[in-house]
Chemist: 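The structure under discussion is supplied below as structure tokens; questions concerning it will follow.
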Amino acid sequence: MPELPEVQTVVDTLRPRVVGRRITKVHLGRHDILTPSDVDLEQVLTGRTIRDVSRRGKRILFLLDNAERFYIHLGMTGHLSVESRSAALAPHTHLQLHLEARGAPELRFVDPRRFGGIWWLGNSDDEDDDLGPEPLRLRPAQLRRLLSKTKRPIKSALLDQTVVAGLGNIYADESLFAAGIHPLTPTNLLKQDQVSRLSRAIKTTLRRALRHRGSTLRNYRDANGDTGNFQKLHRVYGREGEPCRKCRSPVQKIVLGGRSTHFCPSCQSR
DNA sequence: GTCCATGTTCTTTA
DNA sequence: CTAAAGAACATGGA
């Protein structure tokens, strides 16, 4: 469900409802959703106040008042919400954090497919050692350097979180369309001006998606339970056979690295 | 029953 | 050795 625009929207809707609130009770529904799995989450979280919520790549970082931290990754179907403790519990609710506030709210983490999870960091500061730069702060020279190392198709490189952190299947396809680059283009064959265009295209695509609060394809909701609207503005993703919004040629869908990949064969020639 | 899905990681193949 | 392809994870909707 979540790529950078969706994760950022979750963070933005979560922050005003949890920052400054004390955690009074913790319920972890299942242990295999937590890494490391032997952390006593109830012990480390109960009584702490949430000082901040932020995003790094697709990770949602929680900072506590004692400077310890953890992050939640939504995987494909993860969902965070703040609601009343008396509200019906959705199936596959894996974590509940009671918050000290009017209306007796709790933070809930639901994830049917369990590709997401909770990572306890404690005081360590290596939460993003394995992630590439933030795409919204990417400089073209930096992207050129990251891409020069490999021959694989550019679409696959964009999905690699160690190259750029936050793009997923939707925004990789949309960014390549915006840059006019064919998804199968070997990364090391991209010209300098193509990489510059791609760098700009990634930013404009993500900013547009952020303005529209992300894409809801199936079940994505922000922390308030609201859907995104950007799916209506997708130019290629999910539009196989439909006319390209620029040139009217039918949008093509191929499988690349096991992921569906959408592009306009005429606007994104090889 | 089949296929597909916004993600990541491990294994197999070339 | 490396890179790319494929499978796996688990669930639900079309």
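Residue numbers start from 1 in every chain, and the chains themselves are labelled A, B, ... in the order their sequence lines are given, proteins ahead of strands. In this text the structure is predicted, and so the values were computed from the model without any measurement.
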Chemist: For A:Glu174, give me all partners under side chain to side chain donor-acceptor pair (under 3.5 Å), at least two apart in sequence or on another chain.
Modeler: none
Chemist: Check side chain to side chain contact (heavy atoms under 4.5 Å, CB included) between A:Ser81 and all other residues, then give those that pass, not counting sequence neighbours.
Modeler: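 Testing A:Ser81 for side chain to side chain contact (heavy atoms under 4.5 Å, CB included), a comparison that skips the adjacent residues, returns A:His79, A:Glu83, A:Arg108.
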Chemist: Restricting to ring pair (Phe, Tyr, Trp, His ring centres under 6.0 Å), what partner residues turn up for A:His98, sequence neighbours left out?
Modeler: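 Expected list: none.
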Chemist: I'd like to check the side chain to side chain donor-acceptor pair (under 3.5 Å) partners of A:Asn188; sequence neighbours left out, ordered by chain and number.
Modeler: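 For A:Asn188, no residue satisfies side chain to side chain donor-acceptor pair (under 3.5 Å) once neighbours in sequence are set aside.
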Chemist: Given the C1' atoms of B:dA5 and C:dA4, what is the spacing between them in whole Å?
Modeler: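 After rounding to an integer number of Å, I get 22 Å for this pair.
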Chemist: Using the test side chain to side chain contact (heavy atoms under 4.5 Å, CB included), find all partners of A:Asn224 that sit at least two apart in sequence or belong to another chain.
Modeler: A:Thr13, A:Arg17, A:Asp222, A:Asp226
Chemist: When the distance from OH of A:Tyr237 to P of B:dC4 is rounded to whole Å, what number comes out?
Modeler: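 Going from OH in A:Tyr237 over to P in B:dC4 covers 12 Å.
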Chemist: With A:Thr261, which residues qualify under side chain to side chain donor-acceptor pair (under 3.5 Å), at least two apart?
Modeler: A:Lys155
Chemist: Checking one residue: A:Leu159. Which other hydrophobic residues are in its cluster under the side-chain 4.5 Å linking rule?
Modeler: none
Chemist: Quick check for you: name the first and last nucleotides of DNA chain C, 5' to 3', having an atom under 4.0 Å from a heavy atom of chain A.
Modeler: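 Nucleotide range with atoms under 4.0 Å of chain A: C:dA4 to C:dG12.
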Chemist: Identify whether the distance between the nearest side-chain nitrogen and carboxylate oxygen of A:Arg152 and A:Asp160 falls below 4.0 Å.
Modeler: yes
Chemist: Looking just at side-chain N and O atoms, do A:Tyr171 and A:Glu6 make a donor-acceptor pair shorter than 3.5 Å?
Modeler: yes
Chemist: Please name all residues satisfying side chain to side chain contact (heavy atoms under 4.5 Å, CB included) with A:Arg139, sequence neighbours left out, ordered by chain then number.
Modeler: A:Gln142
Chemist: What one-letter contact string describes nucleotides 8-14 of chain B from 5' to 3', where B marks a base within less than 4.0 Å of any protein heavy atom, S marks contact via sugar-phosphate atoms alone, and - marks no contact?
Modeler: B------
Chemist: Think A:Ser260 has a side-chain N or O under 4.0 angstrom from the OP1 or OP2 of B:dA5?
Modeler: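 Result: yes.
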Chemist: If we take the P atom in both B:dT2 and C:dA7, what is their distance in whole Å?
Modeler: 16 Å
Chemist: Among all residues two or more places apart in sequence or in another chain, which pass the side chain to side chain donor-acceptor pair (under 3.5 Å) test with A:Thr35?
Modeler: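 Testing A:Thr35 for side chain to side chain donor-acceptor pair (under 3.5 Å), a comparison that skips the adjacent residues, returns none.
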Chemist: Give one of base, sugar-phosphate or nothing for A:Arg218, where a contact means two heavy atoms less than 4.0 Å apart.
Modeler: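 The residue A:Arg218 makes base contact.
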Chemist: Go ahead and write out DNA chain C as dot-bracket, 5' to 3': ( ) for pairs within the strand, [ ] for ones crossing earlier pairs, | when the partner sits on another strand, dots for unpaired; Watson-Crick or G-U wobble, both distances under 3.5 Å.
Modeler: .||||||||.||||
